[in-house]
Amino acid sequence: MNTPHLRLGVIGAGNVGSAFVQMLNDPARQIALVDAATATLEVVGVAVRDTSLLRDGIDRSLVVGDALALAQRPDVDILVELAGGVEPARTWVETALRRGASVVTANKTLMAACGTELARLADENGADLLYEASVAGGIPIIRALRTSLAGEKINRVLGIVNGTTNFILSQMTSEGRDYGEALKEAQALGYAEADPTADVEAFDAAAKVQILSSLAIGTSLRGDPISREGISAVRSVDVEFAGRAGYVIKLIGVVERVGDNGISRRTHPVLISVEHPLAAVHGAMNAVFIEGDKSGPLMWLGLGAGGQPTATAVMGDVLHAARNRVSGRHDVPFTVDDRLASVDAGDIASVFYLSSDVRDEPGVLAQVAGVFGRHSVSILSMEQSGFGQEARLSFLTHEAVGRDVASTMQELEQLSAVDSIGACIRVIDGGGA
Ligand SMILES: NC(=O)c1ccc[n+]([C@@H]2O[C@H](COP(=O)([O-])OP(=O)(O)OC[C@H]3O[C@@H](n4cnc5c(N)ncnc54)[C@H](OP(=O)(O)O)[C@@H]3O)[C@@H](O)[C@H]2O)c1
């Protein structure tokens, strides 16, 4: 029997695209790839912006400048979109899906903005839309959620899904750097962009939270805004307090069931207990921690970025799409549960770490404690550090509702004895079964 032959069009030959094409053409992998794809695979075009550049490992005759024309080519069976952004990527992907070609993408921005619509379009046209590389790079979390955990009720997902911020916070923790120094170091090492906003203000993590939430719990992917707070306000004093209290600070993406039909999706810094498995995720590594109803805790750890790790996830999807095409099948789109309603982060209770700079004078503590009491926020422990102009109060609360904590901070700010309000960060303990 002849082995079927499938043609790939690749858009993008940057970090991920180049690594993917090189992996596909690696002579040492050919037998394994044909085995896994149940087909031979051929790249028939690679679209880039600048066609004059030589690309390592990519045959010059394959390089084209018109990505849309590649998506339209009737002989392209699988379009691999590795350029990024919403437009024109959305047009390319829709064009390929409409004519029944399958699409593999690493594009979290596109999936978070319109994944539900694109998945429906793929299904209507008997094609696959696969996006393993869009969350946590080389970690195969999407397939795990879609297959191994398809029958599990997932109660909570906690993810360290942005390597740049994890690197910065790790340097602040282990090397005692302040935020600015750690950011500069991340930029020098190529972990952070010259404009780091997407990472440090958690836009990147927010898109990944949306994708994880759609697969873990069944929310739609339509660009809904989710609660987002980055790490640029985290100070060395917060990191030091966390260390003394048995925590580390991490930027976490959270997807959490609340009651029967509520869902909270958010990304923000947390103080996480050193006992929690996520506390041991250092540097630019990513990890996803899942609390399943019957499975209990599960965790995946790995490289969340980088051309080669990300290309392995793209390759896994391409091989899956190839097998499906050969057998005339396609994956069903993820199910959207219309009963789910978003719960505001202000309504979610947790332990909080709060801090404020205060005047070191008699009566201040009583005033501050009074404010906590008026807003029903109960203090678990308090630490005073510094003297005179440098005095600072740090608190851990008992479990309290976000809205009450926010109003406590607002009233504290009005006190004449309070110079400035510092951190207001949620706390996560434990992590065991
Ligand atoms: N890098 C990672 O570690 C990583 C991890 C996970 C997911 N991803 C995702 O993977 C995708 C690619 O990331 P990357 O880091 O490889 O990006 P990149 O290095 O910036 O490469 C982007 C590629 O897309 C091409 N391109 C951009 N706009 C184009 C257009 N209008 N027409 C044709 N080609 C166009 C660029 O062409 P030129 O080379 O001519 O500029 C370049 O080759 C993104 O969606 C990203 O979010 C990346």
Side-chain angles (χ1 to χ4, degrees), residues 9-23 43 45-58 60 62-73 79-93 95-96 103-115 118 129-142 159-167 186 189-199 203-208 210-212 283-286 288 302-318:
V10 180
I11 302 179
N15 295 314
V16 184
S18 300
F20 170 72
V21 176
Q22 285 166 19
M23 197 182 291
V43 175
V46 180
V48 293
R49 269 179 305 215
D50 182 352
T51 53
S52 67
L53 270 184
L54 271 180
R55 318 266 170 171
D56 221 17
I58 299 179
R60 191 154 202 167
L62 296 178
V63 174
V64 296
D66 188 346
L68 182 59
L70 189 59
Q72 285 166 333
R73 259 178 77 160
L79 184 76
V80 185
E81 186 278 307
L82 302 171
V86 176
E87 279 297 351
R90 179 180 186 157
T91 305
W92 304 329
V93 168
T95 302
V103 171
V104 172
T105 178
N107 190 336
K108 67 207 153 239
T109 321
L110 177 68
M111 288 308 300
C114 52
L118 294 177
L129 170 67
L130 304 174
Y131 46 97
E132 182 65 71
S134 64
V135 177
I139 301 178
I141 184 64
I142 290 185
I160 294 178
V161 288
N162 182 274
T164 306
T165 46
N166 204 50
F167 175 84
L189 290 169
Y191 291 136
E193 307 273 335
D195 175 1
T197 311
D199 291 321
F203 289 98
D204 173 87
K208 292 166 180 171
Q210 300 211 27
I211 297 171
L212 286 172
M285 295 296 269
N286 278 202
V288 181
L303 294 168
Q308 293 190 356
T310 309
T312 63
V314 174
M315 183 65 79
D317 277 351
V318 166

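Both ligands and their constituent atoms are indexed starting at 1 by order of listing. In this chain, residues are counted from 1 in sequence order. In this text, all values refer to a predicted model and were calculated from it rather than measured experimentally. For the numbers below, each heavy atom of this structure counts, side chains included, while hydrogens, waters and symmetry mates do not.
With rounding to the nearest 0.5 Å, the separation of CD1 in Ile142 from CG in Leu130 is 9.5 Å. Atom CG of Asn162 is separated from atom CG of Asp199 by 4.0 Å, given to the nearest 0.5 angstrom.
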Sub-3.5 Å pairs, protein N or O with ligand 1 N or O:
from     : atom 1 : to     : atom 2 : distance (Å)
ligand 1 : 3 (O)  : Gly306 : N      : 2.6
ligand 1 : 15 (O) : Asn15  : ND2    : 3.1
ligand 1 : 16 (O) : Asn15  : N      : 3.1
ligand 1 : 16 (O) : Val16  : N      : 2.9
ligand 1 : 19 (O) : Asn15  : N      : 3.0
ligand 1 : 19 (O) : Asn15  : ND2    : 3.4
ligand 1 : 34 (N) : Arg49  : N      : 3.4
ligand 1 : 37 (O) : Arg49  : N      : 3.2
ligand 1 : 39 (O) : Arg55  : NH1    : 2.7
ligand 1 : 39 (O) : Arg55  : NH2    : 3.3
ligand 1 : 40 (O) : Arg49  : N      : 3.0
ligand 1 : 40 (O) : Asp50  : N      : 2.7
ligand 1 : 40 (O) : Arg55  : NH2    : 3.0
ligand 1 : 41 (O) : Arg49  : NE     : 3.2
ligand 1 : 41 (O) : Arg49  : NH2    : 3.0
ligand 1 : 43 (O) : Ala13  : N      : 2.8
ligand 1 : 43 (O) : Gly14  : N      : 3.1
ligand 1 : 47 (O) : Lys108 : NZ     : 3.1

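Contacts of Leu303 classified as side-chain contact (heavy atoms from CB on, under 4.5 Å), with partners at least two apart in sequence or in another chain: Met285, Pro309. Not counting sequence neighbours, the partners of Phe167 by the ring-ring contact (aromatic ring centres under 6.0 Å, His included) test are Tyr191.
Within the structure, side chain to side chain donor-acceptor pair (under 3.5 Å) contacts touching residues 306-317 (residues at least two apart or in different chains) are Arg143-Asp317.
Using modelled atom types, no side-chain atom of Glu81 and backbone atom of Val93 make a donor-acceptor pair closer than 3.5 Å.
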